[in-house]
Amino acid sequence: MSVKLYDTFSRSIKELSKPNGRPFYYYCCGPTVYGPAHIGNFRTFLIQDVLSRVLELAGYEVKHVRNITDVDDKTIARSQEKNQALADFTQEWIEKFHSDCHALNMKPPSHEPKALDYISEQIDLIEALIKKEHAYVGKDGSVYFRVQSCNAYGKLNRINQSELKTQASNSAGQANLADEYDRESISDFALWKARKPEDGSNYWNSPWGEGRPGWHLECSAMIHSSFHGETIDLHGGGIDLCFPHHENEIAQSECAYSTPLCTHWFHSAHLKVEGEKMSKSLGNLFTLKDIQEKGISPMALRYTLISSSYRQPLNFTFEGLVASQTALTKIERFIEALLQKINLDSGNFNKRFIKPNTLNHFGLLEKAWDALCNNLNTAACLGNIFGLIGSNPTSKLSDAEIEDLLKSIGSLLYALGIQVFNDQTKALSAPQSVIELAKQRWDAKQNKDYAKADALRVEIQAEGWDIKDTPTHFELFPL
RNA sequence: GGCGCGGUCGCCAAGUGGUAAGGCCGAGGACUGCAAAUCCCCUAUCGUCGGUUCGAUUCCGACCCGCGCCUCCA
């Protein structure tokens, strides 16, 4: 099976080809670790995770590299404020990031390089660029990339050099003017930033003096190092990175190494919150913790963030989260019914049917799988799954057919990274006091004291929880 | 101004040159001590105006409206 994906560079959907004799090289720009990642960051990382899973199921051997940006303005500034060594400061946020990733059921990348560990590679890269006159040391001791020396500059974003210059007269370019005198041209960008007092001890020696590498450079160096200098097959990131970050990466890498950086560009659209752009000043920047504190499971968040087209901005709402949680439950119930039919309980599902093995056919869910392979159409995939659920096939199928169907569903859920019958699927558990009330109500109900049972239910609802009775027990859900 | 994305049922959201998947919510029914859950069932002609076509939501053009990037924000 081949996977097709939209490529930002060619502005078209292209097949991702399987390389001969080596894995599929896949690089993603990872988080800057100076605080908790927000749900917008996770939208991007999650869709990258889904792609990685789809590729795996489609028979690609993937080498997925996602970097950690631990050397930059913000990480340095925050660590200085907290009087911490940079590596100690960032380590805390790296661990937090990893724990969020785990809660969201993201597979760890094959390799996760930190910029801090690649300083010398970055210096080497700058030296190569200076040698080829693609870079120069500015008056302030920083090193800048000479955009004019790179004819191809702007090819990813389809902008030409004359347009770059006219930006100086636009409002968007005003911010650039401030330190223009350090550079030959307004569009030149920093490869190396000269040491400043506020950087504290965060500086390194280089042939052109003390300082630290620039952000764009880090990715170029880590890609070169992680993939043995070969052209990579896919490069991903948020759409905001398309310019200037990825444009600059291309310029640096291709000017220094004279080989194409990457053959396919994968950008995901942003997340809006309740119709507005997400930003700290609007107070609508949510983290996984914020979501969990509202009683929503990480799985519902994952479902929300991956269930629509990655190329379209997604408007995040709490209404949508609740919808996702309900939809997940629906999938769970369906699987439960299938399992019951062949005398298995839900504990067997993850063990027996969630398998990352390549499946050759998806039977009744062939279209759902095709959708994933066709530019990661997660919405159509889920639509097909629910279409099948709606056709209520359980009673019509033989045991063997049910077993096949469970395998197909298991593989699709694996591709989407959606876990069922797992604690992550459940919302927060009720406090002990509420559970006590619920037990009393259950007893009253068994004694047919319905007045008392109803009164207790009202009490429980006042605490923010609702009850669902089954023939044998009760369950509590947040209202 | 440049580059790019989009306007499909109350909300979210697929899709195709031949008369619109799915999810949530909501209505009705079955079930239930009552609820909930579950099951059944109901709800759109696709921003506007032209054009191409036997036929367009889907192709082309114009217009209107939203949004992103062009400032080291995924």
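Each chain gets a letter, A, B and so on, in the order its sequence line appears, and its residues count up from 1.
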K.L.:
Remember a base hit wins even if backbone is also touched, and classify A:Gly238 as base, sugar-phosphate or nothing at under 4.0 Å, heavy atoms.
P.N.:
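Result for A:Gly238 = sugar-phosphate.
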
K.L.:
Just call it for A:Asn384: base, sugar-phosphate, or nothing, with non-hydrogen atoms closer than 4.0 Å on any strand.
P.N.:
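Result for A:Asn384 = nothing.
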
K.L.:
Rounded at 0.5 Å granularity, tell me how far CD1 in A:Ile460 sits from CD in A:Glu436.
P.N.:
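Answer rounded to 0.5 Å: 10.5 Å.
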
K.L.:
Does the ring centre of A:His246 sit less than 6.0 Å away from the ring centre of A:His235?
P.N.:
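Close enough - the centres of the two rings lie under 6.0 Å apart.
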
K.L.:
Establish whether the base of B:rG33 is bridged to the side chain of A:Asp454 by a donor-acceptor pair shorter than 3.5 Å.
P.N.:
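Indeed, a donor on one side and an acceptor on the other fall under 3.5 Å apart.
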
K.L.:
Hey, is the side chain of A:Arg11 poking within less than 4.0 Å of OP1 or OP2 on B:rG4, counting only N and O atoms?
P.N.:
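Looking at the OP1 and OP2 atoms of B:rG4, one of them is under 4.0 Å from a side-chain N or O of A:Arg11.
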
K.L.:
Would A:His270 count as stacked on B:rG68 if the rule is ring centres under 5.5 Å and plane angle under 30°?
P.N.:
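A:His270 vs B:rG68: stacking no.
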
K.L.:
Name the pairing partner of B:rA21, where a pair is Watson-Crick or G-U wobble with both distances under 3.5 Å, or state none.
P.N.:
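Looking at the geometry, B:rA21 pairs with no nucleotide.
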
K.L.:
When all nucleic acid strands are considered with a 4.0 Å heavy-atom cut-off, which category describes A:Ser309: base, sugar-phosphate, or nothing?
P.N.:
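Sugar-phosphate: the residue A:Ser309, judged by heavy atoms under 4.0 Å, touches backbone atoms but no base.
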
K.L.:
When you match A:Ala323 and A:Ser308 each to their closest nucleotide on RNA chain B, which lands nearer the 5' end?
P.N.:
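By nearest-heavy-atom nucleotide position, the 5'-most residue is A:Ser308.
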
K.L.:
Between B:rG68, B:rA13, B:rC39, spot the one nearest the side chain of A:Ile239, thanks.
P.N.:
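Nucleotide nearest to A:Ile239's side chain: B:rG68.
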
K.L.:
What does A:Gly237 touch in the nucleic acid at a heavy-atom separation under 4.0 angstrom: a base, only the sugar-phosphate, or nothing?
P.N.:
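Sugar-phosphate, no base atom in range.
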
K.L.:
How is A:His267 classified with respect to the nucleic acid when contacts are heavy atoms under 4.0 Å: base, sugar-phosphate, or nothing?
P.N.:
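It contacts nothing in the nucleic acid.
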
K.L.:
Considering every strand and a 4.0 Å limit on heavy-atom distances, what is the contact class for A:Ala379: base, sugar-phosphate, or nothing?
P.N.:
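Contact class for A:Ala379: base.
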
K.L.:
With a 4.0 Å cut-off on heavy atoms, is A:Phe386 in touch with a base, just the backbone sugar-phosphate, or nothing at all?
P.N.:
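A:Phe386: backbone/sugar contact only, no base atoms under 4.0 Å.
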
K.L.:
Base, sugar-phosphate alone, or nothing: which one does A:Leu271 contact when heavy atoms must sit under 4.0 Å apart?
P.N.:
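Base contact.
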
K.L.:
Answer yes if the ring centres of A:Phe266 and A:Tyr310 are under 6.0 angstrom apart, and no otherwise.
P.N.:
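Here the rings of A:Tyr310 and A:Phe266 have centres that are less than 6.0 Å from each other.
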
K.L.:
Tell me which of A:Ile39 and A:Arg158 sits closer to the 5' end of RNA chain B, going by the nucleotide each one is nearest to.
P.N.:
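The residue mapped nearer the 5' terminus is A:Arg158.
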
K.L.:
Given B:rG23, is OP1 or OP2 found less than 4.0 Å from the side-chain N or O atoms of A:Lys330?
P.N.:
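The answer is yes; a side-chain N or O of A:Lys330 sits under 4.0 Å from OP1 or OP2.
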
K.L.:
Under 4.0 Å between a side-chain N or O of A:Asn157 and OP1 or OP2 of B:rC69?
P.N.:
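So the side chain of A:Asn157 is outside the cut-off, no N or O lying under 4.0 Å from OP1 or OP2 of B:rC69.
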
K.L.:
Tell me if the centroids of the rings in A:His111 and A:His64 come within less than 6.0 Å of each other.
P.N.:
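Distance test on ring centres: not under 6.0 Å, no.
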
K.L.:
With heavy atoms under 4.0 Å as the rule, sort A:Ile467 into base, sugar-phosphate or nothing.
P.N.:
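If one applies the 4.0 Å heavy-atom cut-off, A:Ile467 turns out to touch a base.
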
K.L.:
Do A:His216 and A:Phe189 have their ring centres less than 6.0 Å from each other?
P.N.:
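Yes, they do, as the ring centres are separated by less than 6.0 Å.
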
K.L.:
If you look at every strand shown and take non-hydrogen atoms under 4.0 Å, does A:Asn248 touch a base, only sugar-phosphate, or nothing?
P.N.:
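Result for A:Asn248 = nothing.
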
K.L.:
Parallel, tilted or perpendicular, judged at 30° and 60°: which one describes the rings of A:Phe145 and A:His134?
P.N.:
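Ring orientation of A:Phe145 relative to A:His134: parallel.
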
K.L.:
Choosing from B:rA74, B:rG6, B:rG33, which nucleotide comes nearest the side chain of A:Gln312?
P.N.:
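Nucleotide nearest to A:Gln312's side chain: B:rG6.
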
K.L.:
If you check the A:Tyr450 side chain, which of B:rG23, B:rC11, B:rG33 turns out closest?
P.N.:
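For A:Tyr450, the side-chain atoms sit closest to B:rG33.
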
K.L.:
In Watson-Crick or G-U wobble terms, both distances under 3.5 Å, what is the partner of B:rU38?
P.N.:
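Partner of B:rU38: B:rA30.
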
K.L.:
So A:Arg333, base contact, sugar-phosphate only, or nothing? Heavy-atom distance under 4.0 Å.
P.N.:
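Sugar-phosphate contact only.
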
K.L.:
State the pairing partner of B:rG1; accept Watson-Crick or G-U wobble contacts with both distances under 3.5 Å, and report none otherwise.
P.N.:
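WC or wobble partner is B:rC70.
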
